[in-house]
Amino acid sequence: MSRTVLLNPGPVNVTDKVRQALMLPDLCHREKEFSDLMAAIRTKLLKAFNIEEEYTSVLVSGSGTAALEMAVSSCLSPNRSMLVIENGVYGERIRKICDIYRFNYHSIKMDWGKPPNLEDIERKLQQNPDIEVVTLVHHETTTGLLNPLKEIGELARCYKKIFLADCISSLAGDEVDFTSCSIDIAVGTANKCIQAFSGVSFVLFRKKDLERLNKIPERTLYFNLTGYHTAQDKGELLFTPAIPAHYALDVALDELIDETVAGRVQRYAAAAKFLRDGFKDIRLEFLISEGWRSNCLTGLLLPKGMSYEELHGELKANGFIIYAGQGKLSNRIFRIANMGDITHQEFQRLLKVLGKIC
Ligand SMILES: *Cc1c(COP(=O)(O)O)cnc(C)c1O
């Protein structure tokens, strides 16, 4: 029997080598072997994205939201504010974290799937000198919209703000140029375009911001960024990590460095193009207009007269797992991600099956 192909935006299909890494021997995280593994992963992350000089990395066990909460909760100085840009579930999640930590924030809110207006952002920055950190979700997985990382990063730099980007569903899938995008803090996870298992996520940030970050009072026991950074630099851990997920991430990073990030971004872009040409032939309608779509996920309107459950069921029976829309989009759209170790033959078969169903 052929395997199940995951067309959801993480967890993703992994290579056999990454899967086999889960079977490595039992290990205590307080032993040197784990310190070495952790150090190797932290270095490989920086190496993969070619940011060894200026950035450092922190690992945290948990899904992407763990690293996101860690970054957001730990990066705002007392009495300053965040600028939150919301056009989907994940932008709204950053606002929710700000609410929970009782942060002051300003918000720019658009309909889901609508790109933000740069003039609105610039005006907010001009009018509110209390803003210290600008946050953006790069690939808004809710819709498949790729937000203008570079333009907003440039605005943040121009107004001397810290720029925090949720790159959880774009790192290694869409181009993220840390320098030209002026990223100060980026959040990522093992189980999307990095092609490993869920259970470990990470924050990448500029070493020169460490002094400022260290002055921020501790606001959370489990998610304090600088606490983790200090411990990990000493080869120590504050809490028990998801050990097998680390084993797999280490192997997945070897594969990523081998393929190169640019190579993987190209592979995903080619897969997305192939799928989208096929979707057009089947006369499916796109949620996001061309030019604004990420490389990793396509939002499509449900075919007339077909429910998501029906479509999902038919595809599942054929070995394909698609993803529902979230919230207000849940009965209007479905999503097809092309993250992970998926072959061209599998994408071809998907289009064939989908054509028959529609
Ligand atoms: C997947 C994702 C997250 C994290 O979701 P988890 O369920 O914690 O893995 C955060 N932001 C974006 C943009 C995502 O795609």
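Not measured: the values here are computed from a predicted model. All ligand and atom numbering here is 1-based and tracks the order in the structure.
By the side-chain hydrogen bond (donor to acceptor under 3.5 Å, both in side chains) test, D174 pairs with N295, sequence neighbours left out. By the side-chain hydrogen bond (donor to acceptor under 3.5 Å, both in side chains) test, R264 is found to be paired with E259, residues two or more places apart in sequence or in another chain being considered.
Electrostatic pairing of D99 and K96 does not count as a salt bridge here, judged by no charged N lying under 4.0 Å from a carboxylate O.
Ring pair F279/F286 is tilted by interplanar angle, where 30° to 60° counts as tilted. By the 30° and 60° cut-offs, the orientation of the rings of Y228 relative to F239 is tilted.
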Review item, side-chain donor-acceptor pairs of residues 45-57, under 3.5 Å, at least two apart:
residue	atom	partner	partner atom	Å
E54	OE1	R206	NH1	2.9
Y55	OH	I183	O	2.7
Y55	OH	R206	NH1	3.4
Y55	OH	R206	NH2	3.4
T56	OG1	H229	NE2	2.9
S57	OG	R42	O	3.0

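Listed by chain and number, S63, G64, T65, Y90, R93, V137, H139, T141, D166, I168, S169, K192 each place a non-hydrogen atom less than 4.0 angstrom from ligand 1.
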